[in-house]
Amino acid sequence: MFAGRTDWNLTPNRVSEALARHRAAAKPLLDLTASNPTACGFLYDREAILRALSNPAALTYEPDAKGLEFARRTVAAYYAARNTEISVDDVLLTTSTSEAYSFIFGTICDPGDELLIPGPSYPLFDFLADIQDVKLIRYPLIYDQGWRTDFHALEQAITSRSRGVIVVHPNNPTGHFAKPAEIARLNKICSAREMAIIADEVFLDFALGENPPPSFAANRSVLTFALSGLSKISGLPQMKAAWLITSGPEPMKQQALARLEVIADTYLSMNAPVQLALPTFLEQRHSFRQQLLARVRKNLAELDRQIAQQKSCGRLHLEGGWYAVLRVPAMRSDEDLAIDLLAAKNVYVHPGHFYDFPSDGYLIVSLITPERDFAEGITRLLTIF
Ligand SMILES: Cc1ncc(COP(=O)(O)O)c(C=O)c1O
C-alpha cells in the first residue's frame, strides 16, 4: 500500500518521550533548546508587519513561477547590501529553505544519486532526501580549536553517483563558517567532478566577528545554490518566505534555472500577501539582528563566566549562529545525560547525538534562550557533573 521511502520509524526518541512525560506532568522546565524566535521575547514592529499583510494588490492573482519580480528585487537588494551582486533573474522564492532543498534535489538528482552533507549538522536533511529518493553521505567536520572540513574524507566519499556537496554556512550547531581557502578547495573538487554546491546560509547574518563572511550567492566557478529566508534573517518563520539563488558557469546556470522554474511553476506555492510584504519583512532584519546578537553575546558571556568557575565542562569555539556546543564528561551517553538533566534539574538540552556528533560528550544549547532562563539552566546543568 505504501511507498518504501515513507517507511520511517516514527516512534519518538527517548529524549522526546521524556520531555513529553515531563510536560504532561506539568513539571517546571528550563528549556535551553528554545529556537522559535517569536517566542523568545524579541520585539517586533507588530504594526508594520500586520499593515504589510493587508496590501490591496494581494486581491489580484498574478502568478510568477519564480516569485513576484518586485519581491525578488528586494532579495537582490539584500545581497547588494552585503556587497554581493546578483541578478534578480537568479532569485527564486520558496515557502521555506526546506522547499528550496527539495526543488534543488529534484533538479540535480536522479533516484539513488548521492549528496554529501556535513556531520555534525542540523538533522533536517534526512527526510528531505528520503522524499526525493536521494542518498545522503556524510563528510566529517573536524574540531581542533575551531572547526574545519576533512577534505580527505570528503573526497573519499565521492562516487560516480555524487551530485553535490551541501555546506551549511555557518553550520548549525557548530557555528563555524566555510573559510575562503575551503571554498576555493570545494570549488576545485566540485568543478573537476561536475558536482554542485548547495549552500545553506540561513544564519549568515549572525556572525560574531567584525567582518561579515561572504555569501555563496555569487559563486561563479561551479553550479551553486545559495539558500536563505525570513525564518532566521528576520526571525519570522511563520511567514513562510525563503529563497534560492542560482549561480555558476553560464550555460549550466541557465539550464538549472529553467528546470527549477518548471518545478516552481508546478506548485506556485508562494502566496501574494507575503510576497507583497517581503520588503517590510526584510526590513525587520536590522532590529531583529541587533537584538539577537545582543542576546547571543550576553548568554555566551554568562556561559563562559560559569564555565570558568569549574573544571569539568567547556564549550567549543564558535563564530556565529544561535547555538553553543558544550563539551561535557562522557560518563554516560548524551541521550541518558539529557534525560537525567530533565529529571533531576528540570533542564532541557539537546544531546550531541541529535546532530550526528561522532562520540558522546556533547550537549547543544540555544543562545537565544531568554537570559534569565539561560543563566539558571546553565548553573543547574553544571552542577550535575
Ligand atoms: C541550517 C538550517 N537550515 C534550514 C533551516 C530551516 O529553515 P526554513 O524555516 O526556511 O525551512 C533550519 C532551521 O532551523 C536550519 O537550522
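Both ligands and their constituent atoms are indexed starting at 1 by order of listing. Keep in mind that what you see is a predicted model, and the values were worked out from it rather than measured.
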Check each atom of ligand 1 against the heavy atoms of Val168 and keep those under 4.0 Å away; list them by number with element. 1 (C)

Is NZ or CZ of Arg285 both nearer than 6.0 Å to the six-membered ring centre of Tyr78 and within 45° of the ring axis? no

Provide, to 0.1 Å, the distance between atom 1 (C) of ligand 1 and the closest protein heavy atom, together with that atom's residue and name. Asp200 OD2, 3.4 Å

Do the charged groups of Lys253 and Glu250 touch, with an N to O distance under 4.0 Å? yes

What is the closest protein heavy atom to atom 16 (O) of ligand 1, and at what distance does it sit? Asn172 ND2, 2.8 Å

Under 4.0 Å from any heavy atom of Ser231, which atoms of ligand 1 are there? 8 (P), 9 (O), 10 (O)

Should the ring pair Tyr348 and His350 be called parallel, tilted or perpendicular, given that the plane angle runs from 0 to 90° and is split at 30 and 60? perpendicular

Quick one: does Lys232 get an N or O within less than 3.5 Å of an N or O on ligand 1? yes

Which of parallel (below 30°), tilted (30 to 60°) and perpendicular (above 60°) describes Tyr267 and Phe103? parallel

Between Arg138 and Asp126, does any side-chain N to carboxylate O distance fall below 4.0 Å? yes

Do the charged groups of Arg14 and Glu17 touch, with an N to O distance under 4.0 Å? no

Measure the CD1-CD1 distance between Ile86 and Ile245 for me, rounded to the nearest 0.5 Å. 4.0 Å

Taking a cutoff of less than 4.0 Å between a non-hydrogen atom of the residue and any ligand atom, is Pro237 in contact with ligand 1? no

Run the numbers for me: atoms of ligand 1, each under 4.0 Å from some heavy atom of Thr97, listed by number. 4 (C), 5 (C), 6 (C), 7 (O), 8 (P), 10 (O), 11 (O)

So which bit of Asn171 gets within less than 4.0 Å of ligand 1, heavy atoms only: side chain, backbone, both or neither? neither

By number and element, which atoms of ligand 1 are closer than 4.0 Å to a non-hydrogen atom of Phe203? 16 (O)

Pairs of nitrogen or oxygen atoms closer than 3.5 Å, one from Lys240 and one from ligand 1: do any exist? no

